[in-house]
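Have a look at the structure below, then the notes.
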Amino acid sequence: MSRENVLIGADELAELLATDPPPVVLDVRWRLDHPDGRDDYLHGHIPTAVYVDLEQDLSDHGRTGRGRHPLPTGDALEESLRRWGVRSGVPVVIYDDWNRAGSARAWWVLRAAGLTDVRVLDGGLAAWIERGGELRSGTETPDPGDVPVPQRDLYAGALPTLTEVEAAALPGEGLLLDARAPERYCGEVEPVDPIAGHIPGAINAPNTATFDEQGRFRSAAELSVQFAQLGVDDADRVGVYCGSGVTAAVSLLALAVTGRDAALFPGSWSQWSSNPDNPVATGDADVLENDLA
């Protein structure tokens with residue numbers, strides 16, 4: 001993969017929306033402190049965009065022991081994709097309005113399900129507004145889609161994942177990156193899960209360091225330098241986790257910009273910390289600083 005395979009600029013999106021057929025556009029507004037973005041979507045969204053509920057459509061809370069945001073089943077995702085109007089042979093563009101968390105999660109889920117022509121709007125909704133892009137209010141009702149989901153189990157789908165056991169072993173065999181903020185990694189604060197800290201041996205690499213001042217992903221060259229400083233180039237296998245498998249997808253997308261594959265630990269810290277037998281490390285953050293601004 002490369003930047004062009006995973007990201008799309010606002011100008012290119014505007015051009016594609018004028019073609020026939022236009023791309024399917026998905027609005028995945030989600031924040032840790034404001035998970036339901038439907039009202040924001042209704043107030044104003046990119047033309048033709050369909051709202052996607054990360055909590056309901058991109059997670060399966062009926063699965064236990066898999067963390068706070070278990071992956072959806074292939075059957076449920078296929079039903080959602082068709083409801084959103086996703087059609088075979090038509091590209092999908094995804095956007096959000098907060099640190100690419102929602103759009104990266106959707107990008108990873110759709111790619112893991114076997115869809116290939118999926119890109120994230122670089123800079124999110126702010127980039128669209130900055131170029132003077134139109135916003136529509138209300139909701140969109142697309143024609144039903146027809147896309148199949150080749151992968152029925154996303155935990156063993158088209159993109160690599162880590163089990164809890166594999167995540168524990170990875171620091172001794174490769175590189176495990178913790179995409180959360182340094183204070184959560186160090187165990188100084190934990191706003192969601194009952195235990196603070198990180199998986200022993202994991203390296204802290206906050207996903208927010210992958211953005212420039214405009215909220216767009218840094219160049220492939222800059223990202224390559226950042227990840228090389230963490231040891232990515234020397235690792236045979238790289239894994240990423242976060243709080244519950246959502247924002248780690250941002251780091252996976254950034255790695256994809258550099259052409260590097262990495263595995264997601266879907267349950268992330270929420271799954272790890274819920275098992276009392278798992279060790280917990282605190283302090284001594286090896287932090288990737290946002291020093292390329």
How many angstroms lie between [atom1] in [X] and [atom2] in [Y], if you round to the nearest 0.5 Å?
X: Q214; Y: E130; atom1: CD; atom2: CD; result: 7.0 Å
X: L54; Y: R29; atom1: CG; atom2: CZ; result: 14.0 Å
X: N204; Y: R184; atom1: CG; atom2: CZ; result: 11.0 Å
X: D96; Y: R105; atom1: CG; atom2: CZ; result: 13.5 Å
X: T247; Y: L252; atom1: OG1; atom2: CG; result: 10.0 Å
X: H34; Y: D97; atom1: NE2; atom2: CG; result: 8.0 Å

Report the residues that fulfil side chain to side chain contact (heavy atoms under 4.5 Å, CB included) with [X], sequence neighbours left out, ordered by chain and then residue number.
X: A158; answer: Q151
X: D122; answer: R3, L7, R216, F217
X: P47; answer: W128, E134, R136
X: A179; answer: N207, V240, C242, S251

List for me each residue that meets side-chain hydrogen bond (donor to acceptor under 3.5 Å, both in side chains) alongside [X], sequence neighbours excluded, and say none if there are none.
X: R31; answer: D33
X: D53; answer: none
X: E4; answer: S2

Do [X] and [Y] have side-chain heavy atoms sitting under 4.5 Å apart?
X: D40; Y: L125; result: no
X: L16; Y: P22; result: no
X: V250; Y: N99; result: no
X: V147; Y: V24; result: no

Residues pairing under side-chain hydrogen bond (donor to acceptor under 3.5 Å, both in side chains) where one sits in residues 252-262, two or more places apart or in two chains, turn out to be none
- Query: Taking only residues at least two apart or on different chains, which pairs with a member in residues 155-167 satisfy side-chain hydrogen bond (donor to acceptor under 3.5 Å, both in side chains)?
  - Reply: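 Matches after skipping sequence neighbours: T163-E166, E164-Q271, E164-N275, E164-N278.
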Is there a path of hydrophobic side-chain contacts, each under 4.5 Å between heavy atoms, that joins [X] and [Y]?
X: V92; Y: V120; answer: yes
X: L58; Y: Y95; answer: no
X: V90; Y: L110; answer: yes
X: L255; Y: F211; answer: yes
X: V25; Y: I8; answer: yes

Minimal non-hydrogen separation, [X] against [Y], with atom names:
X: W84; Y: V52; answer: CZ2-CG1, 3.4 Å
X: I46; Y: L135; answer: N-CD2, 4.1 Å
X: Y185; Y: G283; answer: CE2-O, 4.1 Å
X: L223; Y: A254; answer: CD1-O, 3.8 Å
X: W108; Y: A249; answer: CB-CB, 4.1 Å
X: D117; Y: P91; answer: OD2-CB, 3.3 Å

Test side-chain contact (heavy atoms from CB on, under 4.5 Å) on L115 and L81; report intermediate values, then the result. CA-CA 11 Å; L115 280 67; L81 290 167; 4.2 Å; yes
ask   = Okay, side chain of E183, backbone of V189: is any donor-acceptor separation there less than 3.5 Å?
value = no
Does any N or O in the side chain of D146 come within less than 3.5 Å of the main-chain N or O of S88, such that one atom is a donor and the other an acceptor? yes
Sorted by chain and number, sequence neighbours left out, ring pair (Phe, Tyr, Trp, His ring centres under 6.0 Å) with Y51 holds for Y41
**Prompt:** Under a single-linkage rule joining Ile, Leu, Val, Met, Phe, Trp and Tyr whose side-chain heavy atoms are separated by less than 4.5 Å, which residues share a cluster with W269?
**Reply:**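 Joined to W269, directly or through intermediates: L162, L170, L176, I195, I199, Y241, F265, W272, V280.
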Exercise for the section: Carefully, step by step, assess D193 and R68 under the rule salt bridge (Lys or Arg N to Asp or Glu O under 4.0 Å). Expected result: CA-CA 9 Å; D193 296 304; R68 285 185 281 107; 3.0 Å; yes
More than 12 foreign heavy atoms under 6.0 Å from CD of E79: is that the case here?
no
Quiz: residues 69-77 side-chain donor-acceptor pairs under 3.5 angstrom, not counting sequence neighbours:
unit_1, atom_1, unit_2, atom_2, d
H69, ND1, S244, OG, 2.7
H69, NE2, E55, OE1, 3.3
H69, NE2, E55, OE2, 2.8
T73, OG1, A76, N, 3.1
D75, OD1, R152, NE, 3.3
D75, OD1, R152, NH2, 2.2

